[in-house]
Amino acid sequence: MKEKILIYDRSLGYGIYFDKIFKKEYEVVITTKNIILNRLDLFYFDYIIFMVNETEDVHFFTKIYSSNKGINLFLGITQNRFKEHFQNLQDVHLINLELSKTDIVKFINKKLNNNYTENRHSNQLT
């Protein structure tokens, strides 16, 4: 069974690119609207890639982060003015958007593969 990734990106710039790359190995759902995201069962997903583009996204990510129970979160912040809201997050993979999209995908893949290896290893121990 494929692991599931939810991609939230209002601008779709990164979202469409990530969808194209990750849908080969993962079940991918992409959304641009909070309303749709509110209707989804977030715990259905193994990973969430969340791109902050607007002030409303800051509040929405904070809500997801505070209720996070075992979902691997990736966060990309497109504007410097929002970075102060996310300085002390734990258990979130911050995406450096100064990297090329290719390097961002390498970063995400490394984290996804590490998580897969850790989960597989812990399942073998039980």
Side-chain angles (χ1 to χ4, degrees):
M1 180 167 52
K2 286 184 173 183
E3 290 184 295
K4 296 158 222 53
I5 298 177
L6 173 64
I7 301 170
Y8 175 84
D9 182 15
R10 282 180 189 255
S11 72
L12 283 176
Y14 288 98
I16 290 172
Y17 181 74
F18 293 154
D19 179 48
K20 188 183 304 182
I21 298 295
F22 293 117
K23 71 181 178 183
K24 297 171 188 169
E25 295 184 41
Y26 299 90
E27 180 183 328
V28 176
V29 173
I30 184 169
T31 185
T32 61
K33 304 210 183 313
N34 291 355
I35 293 168
I36 294 170
L37 199 53
N38 275 328
R39 294 180 187 156
L40 294 173
D41 177 6
L42 297 180
F43 300 109
Y44 173 76
F45 298 95
D46 300 294
Y47 309 97
I48 297 175
I49 299 174
F50 196 100
M51 305 304 293
V52 172
N53 295 293
E54 299 177 24
T55 303
E56 190 176 347
D57 298 337
V58 172
H59 302 297
F60 202 65
F61 180 82
T62 302
K63 181 179 172 183
I64 290 171
Y65 177 74
S66 67
S67 66
N68 179 26
K69 298 202 176 22
I71 301 170
N72 288 283
L73 297 172
F74 291 85
L75 176 64
I77 304 165
T78 61
Q79 298 180 36
N80 285 333
R81 64 188 171 115
F82 298 132
K83 288 187 179 182
E84 67 187 49
H85 298 281
F86 303 108
Q87 290 182 2
N88 296 315
L89 295 180
Q90 295 180 347
D91 300 323
V92 174
H93 305 289
L94 294 176
I95 300 169
N96 179 354
L97 297 181
E98 294 177 5
L99 297 173
S100 69
K101 285 185 178 178
T102 302
D103 287 338
I104 290 171
V105 168
K106 286 179 186 176
F107 167 79
I108 293 172
N109 268 327
K110 182 179 177 186
K111 299 296 181 184
L112 295 176
N113 290 332
N114 283 346
N115 186 63
Y116 174 78
T117 302
E118 288 171 11
N119 286 342
R120 200 169 117 215
H121 180 70
S122 68
N123 287 339
Q124 289 175 347
L125 296 175
T126 57

Rounded distance (nearest 0.5 Å) linking atom [atom1] of [X] with atom [atom2] of [Y]:
X: Lys23; Y: Phe18; atom1: NZ; atom2: CZ; value: 15.0 Å
X: Leu112; Y: Asn72; atom1: CG; atom2: CG; value: 8.0 Å
X: Ile7; Y: Phe45; atom1: CD1; atom2: CZ; value: 10.0 Å
X: Leu42; Y: Leu73; atom1: CG; atom2: CG; value: 9.5 Å
X: Phe50; Y: Tyr14; atom1: CZ; atom2: OH; value: 15.5 Å

Among all residues two or more places apart in sequence or in another chain, which pass the side chain to side chain contact (heavy atoms under 4.5 Å, CB included) test with [X]?
X: Lys20; answer: none
X: Phe43; answer: Asp41, Lys69, Ile71
X: Ser11; answer: Asp9, Asn53

[X] versus [Y]: any side-chain heavy-atom pair under 4.5 Å?
X: Phe60; Y: Glu54; answer: no
X: Val29; Y: Ile5; answer: no
X: Ile49; Y: Phe22; answer: yes

Tell me whether Lys63 at atom NZ has more than 12 heavy atoms from other residues, nucleotides or ligands lying less than 6.0 Å away. no
Contact summary for [X] and [Y], nearest pair of heavy atoms:
X: Ile30; Y: Ile16; result: CD1-N, 3.6 Å
X: Asp46; Y: Lys4; result: OD2-N, 2.7 Å
X: Phe82; Y: Thr55; result: CZ-N, 3.4 Å

With a distance cut-off below 6.0 Å to the six-membered ring centre and an angular limit of 45° from the axis, does Lys111 pair with Phe74 as a cation-pi contact? no
Would you please name every residue forming a salt bridge (Lys or Arg N to Asp or Glu O under 4.0 Å) with Glu56, sequence neighbours left out? Arg10
Among residues at least two apart in sequence or on other chains, which ones pass salt bridge (Lys or Arg N to Asp or Glu O under 4.0 Å) with Glu25? none
Please report the C-alpha distance between Thr78 and Val52 in whole Å, then the side-chain angles of each, then the deciding distance to 0.1 Å, and finally whether the side-chain contact (heavy atoms from CB on, under 4.5 Å) criterion is met. CA-CA 6 Å; Thr78 61; Val52 172; 5.7 Å; no
Please tell me whether Phe86 and Phe61 form a close aromatic pair, meaning their ring centres lie under 6.0 Å apart. yes
Test Tyr8 against every option in Thr31, Thr32, Asp57 by the side-chain hydrogen bond (donor to acceptor under 3.5 Å, both in side chains) rule and name the one that passes.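 Considering Thr31, Thr32, Asp57, a side-chain hydrogen bond (donor to acceptor under 3.5 Å, both in side chains) with Tyr8 is found only for Asp57.
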Would you be so kind as to tabulate the donor-acceptor pairs closer than 3.5 Å made by side chains of residues 89-100, with sequence neighbours excluded?
residue: Asn96; atom: OD1; partner: Glu98; partner atom: N; Å: 2.9
residue: Ser100; atom: OG; partner: Asp103; partner atom: N; Å: 3.1
residue: Ser100; atom: OG; partner: Asp103; partner atom: OD2; Å: 3.4

Measure up the Tyr26 and Tyr47 rings against each other and bin them: parallel (under 30°), tilted (30 to 60°), perpendicular (over 60°). perpendicular
If we ignore angles and hydrogens, is there a donor and acceptor under 3.5 Å between the side chains of Asn113 and Lys110?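 Looking only at side-chain atoms, Lys110 and Asn113 do not form any donor-acceptor pair under 3.5 Å.
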